[in-house]
There are 2 protein chains.
Amino acid sequence: MEKEVTIYDIAKILNLSPATVSRALNDHPAINSKTKLSIANTAAELGYRSNTFASNLRRKSTSTLGVIVPRLDSSFMSAVLAGMEEVANKAGYNLLISQSLESQGKEKSNAKTMYNSRVDGLLVSLAYDTEGFDHFENFVKKRVPVLFFDRIFDHSECATIVIDNEKAGYDVTSHLIMQGCTHILHVTGNLKRNVYIDRLSGYRKALEAHGIAFDEAWVLETDLSREAGKAAVDYMEKLPVRPDAIFVANDICAISCIQELKQRGYRIPEDIAIAGFNNDPVSQVVEPSLTTVYYPGKEMGAIAVKTMINHLTGTSDIDPANSVVLQSELLIRDSSRKLQREARN
Amino acid sequence: MEKEVTIYDIAKILNLSPATVSRALNDHPAINSKTKLSIANTAAELGYRSNTFASNLRRKSTSTLGVIVPRLDSSFMSAVLAGMEEVANKAGYNLLISQSLESQGKEKSNAKTMYNSRVDGLLVSLAYDTEGFDHFENFVKKRVPVLFFDRIFDHSECATIVIDNEKAGYDVTSHLIMQGCTHILHVTGNLKRNVYIDRLSGYRKALEAHGIAFDEAWVLETDLSREAGKAAVDYMEKLPVRPDAIFVANDICAISCIQELKQRGYRIPEDIAIAGFNNDPVSQVVEPSLTTVYYPGKEMGAIAVKTMINHLTGTSDIDPANSVVLQSELLIRDSSRKLQREARN
DNA sequence: TTTTGGATTGTAACCGATTGCATTAGCCAA
DNA sequence: TTGGCTAATGCAATCGGTTACAATCCAAAA
């Protein structure tokens, strides 16, 4: 049971050439269907499995997609990966997954690994502090497609999958304003990243649209961790005017704010309304339940892989600079419902 | 920028044979260190990257580990994967990850894909309803090591990584009993899986140890989903005696129980104490915070890969039937604290 | 009967790295 | 000078499919 079966073995048994066997197994049209059948049968009998390396070596393609994400252990990312895996698997592609742990250095080294593994395409969501595109240049030069999702990099050669973060930020802020809030603190992440700068931009526009002046002091850039939540509450208490709402750019940090605020005796949403972002499972469980933005993670992963595979197989020769924008949705829950307290979600 | 550099190019430039170049790049002792240096230099200059396929084809190994998990989108699994990725990456191994979506059928097809991809080793956590070992026989026959973690299969050829589920189940149950509970409903998962049957066994033993009679009607086998949580509450209300505690075999379902119970007017833990399992992030956020069992996911992933790689490189020729048992820990929180209400966690 | 052309199948040169078995050079001792 | 030995390098086969370019066969057309 040790020896591997090759197309040569099959060829010898059936008195054919290995070329014919190879073509038959790949369903080449020139091969007689009866021949194909007998080849398929003996292949099955012998327990033949194709040697991917030999095949890749000759074909120069790997049927493997590389994925680099900031962290594997976040509910959003695992949803994304679940979506990716499902589509890739169906299309016969493998996924090579690695995490940058939010570090530019590790992202670079992962990119190198992917490059050496000769992935057919690369799917990336950027780390917190990544600057520049150097580590992806190799791919572009070798014409390996690179696609960014969620935390993207704007590059003429790369497709992107995002949600409309500006609109989402606008919607959240408008909602808070409609609830009567006029002093809204925005706690955000690293503004190098599109997701955060765009949400901020939506926040600004909503303020303007409602005639509220924008003030830089009301934007707090953090790492959006649990600790940042507490720090944000500290910061808030030092502001000249007490805010009546906080819009946090992620749920984890928003929840930590809620817990901290409750501990300090604030009532939510009566004293301060809170809104988060991502629709993390915890957002439904926390009390009061957290107003947030639904983020289609699984769908995003699925579409990213679909786009990539279409690109690779040439099904869609769409402009590689095309960008898919997915639908997000504001989920209004108790943490921000100052009016219509009756309508429960 | 299209042409790939090969060892032949390097050889030609330096007037050496490809054999020497290959050996130099692999740091073979027979090669003169000066020669090595000049080869390394020109390789770097030319932007050479080794062709894995050619190498794999010749070597018959892939430096890739296959991973099959029930779901990617669970906080426990993403912790496991994060741990795996870190170790594998450091050791120069790649991870090929796929999910069975809790279906035996998909698990089988994934195993086949892994087999055809010729992974050097396979790491598996079983789906909900998997029976039998057939789909892994191929690996055993070809001497590809298979390691099970968490949801394991007992097989003489396969290593396993687990926590002591029986002990954990015992500890949870004992704790509830110490809080004065005598009627403890146990909501569990598919009893084919070791993790659930072992926890159940711990539950039984704890009852016995405290002189409480075991009753089958007090064990509810479910799929541990959110819906199952509600169904469990329904079931509970139909029992002849109202339970004073529920021990649920996972946090997601436990939390859904809590929410349902609260909605029906029960006070937790005064009327009913609740305990979960896994230390999912939500368990800290729910109110009251959920007593649960800390599950070392990241560590489990790391150790699984470490064990596998040691096995592959022959560093440890330990009996393949060896089993690693990791430490878990009972985290007592408010949902079960009927006594000593002062000690907060 | 000869020609022509489509349908099948075969030949052989790759793809790029690895490695068992020489071979060569250089040095020391006999 | 010669033999022996070590260190360093080269030769050439090999891993298993793929594919451009024939070659072959057979029936239909001329």
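Protein chains get the first letters and strands the later ones, always in sequence-line order, with residue 1 at the start of each.
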Rounding to an integer number of Å, can you tell me how far [X] [atom1] sits from [N] [atom2]?
| X | N | atom1 | atom2 | value |
| --- | --- | --- | --- | --- |
| A:Leu46 | D:dG16 | CG | C1' | 15 Å |
| A:Arg49 | D:dG16 | CZ | C1' | 13 Å |
| B:Ile7 | D:dG10 | CD1 | P | 12 Å |
| A:His28 | D:dT18 | NE2 | P | 12 Å |
| B:Tyr8 | D:dG10 | OH | P | 13 Å |
| A:Leu25 | D:dG17 | CG | P | 8 Å |

* Structure fact -> Min and max contacting nt of DNA chain C in 5' to 3' order, chain A heavy atoms within under 4.0 angstrom, are C:dT8 to C:dG16
Give me the distances for all protein-to-nucleotides 23-28 of chain D N/O pairs that come in under 3.5 Å?
none

* Structure fact -> The correct set of residues in residues 31-43 of chain A placing a heavy atom under 4.0 Å from DNA chain C is A:Ile31, A:Asn32, A:Thr35
* Base, sugar-phosphate alone, or nothing: which one does B:Asn15 contact when heavy atoms must sit under 4.0 Å apart? -> sugar-phosphate
* Give a yes or no on whether the backbone of A:Ser63 and the side-chain of A:Asp120 come within a donor-acceptor separation of less than 3.5 Å. => yes
* Asked: Can you say whether the rings of B:Phe133 and B:His155 are parallel (under 30°), tilted (30 to 60°) or perpendicular (over 60°)?
  -> parallel
* Asked: A:Phe153 vs A:Phe148 aromatic rings, parallel, tilted or perpendicular, using cut-offs 30° and 60°?
  -> tilted
* Asked: Using the C1' atoms of five pairs at each end, what's the angle between the two axes of the helix from C:dT1-D:dA30 to C:dA30-D:dT1, to 10 degrees?
  -> 60°
Contact between [X] and [Y] at the side-chain level, heavy atoms closer than 4.5 Å - yes or no?
| X | Y | result |
| --- | --- | --- |
| A:Leu96 | A:Ser98 | no |
| B:Ser78 | A:Ser74 | no |
| B:Lys106 | A:Asn89 | yes |
| A:Leu14 | A:Ser38 | yes |
| B:Ile309 | B:Tyr93 | yes |

* Interatomic distance, B:Lys112 atom NZ to B:Lys108 atom NZ [nearest 0.5 angstrom] -> 10.0 Å
* Please walk me through it: do A:Ile97 and A:Glu85 pass side-chain contact (heavy atoms from CB on, under 4.5 Å)? -> CA-CA 10 Å; A:Ile97 300 175; A:Glu85 199 274 345; over 6 Å; no
* To do: Flag yes if more than 12 heavy atoms outside B:Asp154 fall under 6.0 Å of its CG atom; otherwise flag no.
  => no
* Before giving the answer on salt bridge (charged side-chain N to carboxylate O under 4.0 Å, His left out), spell out for B:Arg151 and B:Glu107 the whole-Å C-alpha distance, their side-chain angles and the decisive distance to 0.1 Å. => CA-CA 13 Å; B:Arg151 304 224 201 126; B:Glu107 182 176 300; over 6 Å; no
* Would you please test B:Phe139 and B:Val119 for side-chain contact (heavy atoms from CB on, under 4.5 Å) and show each step? => CA-CA 10 Å; B:Phe139 292 89; B:Val119 295; 4.2 Å; yes
* Structure fact -> Nearest heavy-atom contact between A:Lys192 and A:Glu131 is NZ-OE2, 3.4 Å
Using atom names, set out every protein N or O paired with an N or O of nucleotides 19-21 of chain D below 3.5 Å, distance rounded to 0.1 Å.
{"from": "D:dA20", "atom 1": "N6", "to": "A:Arg23", "atom 2": "NH1", "distance (Å)": "3.4"}

* side-chain contact (heavy atoms from CB on, under 4.5 Å) partner of B:Leu122, the single match among B:Leu147, B:Ile68, B:Asn110 -> B:Ile68
* Structure fact -> DNA chain D nearest-nucleotide lookup for B:Lys60 and B:Ser17: closer to the 5′ end is B:Ser17
Kindly list each side-chain donor-acceptor pair under 3.5 angstrom involving residues 16-28 of chain A, sequence neighbours excluded, with atom names and distances?
{"from": "A:Ser17", "atom 1": "OG", "to": "A:Ala19", "atom 2": "N", "distance (Å)": "3.4"}
{"from": "A:Ser17", "atom 1": "OG", "to": "A:Thr20", "atom 2": "N", "distance (Å)": "3.3"}
{"from": "A:Ser17", "atom 1": "OG", "to": "A:Thr20", "atom 2": "OG1", "distance (Å)": "3.2"}
{"from": "A:Asn26", "atom 1": "ND2", "to": "A:Ser22", "atom 2": "O", "distance (Å)": "3.1"}
{"from": "A:Asp27", "atom 1": "OD1", "to": "A:Lys36", "atom 2": "NZ", "distance (Å)": "3.1"}

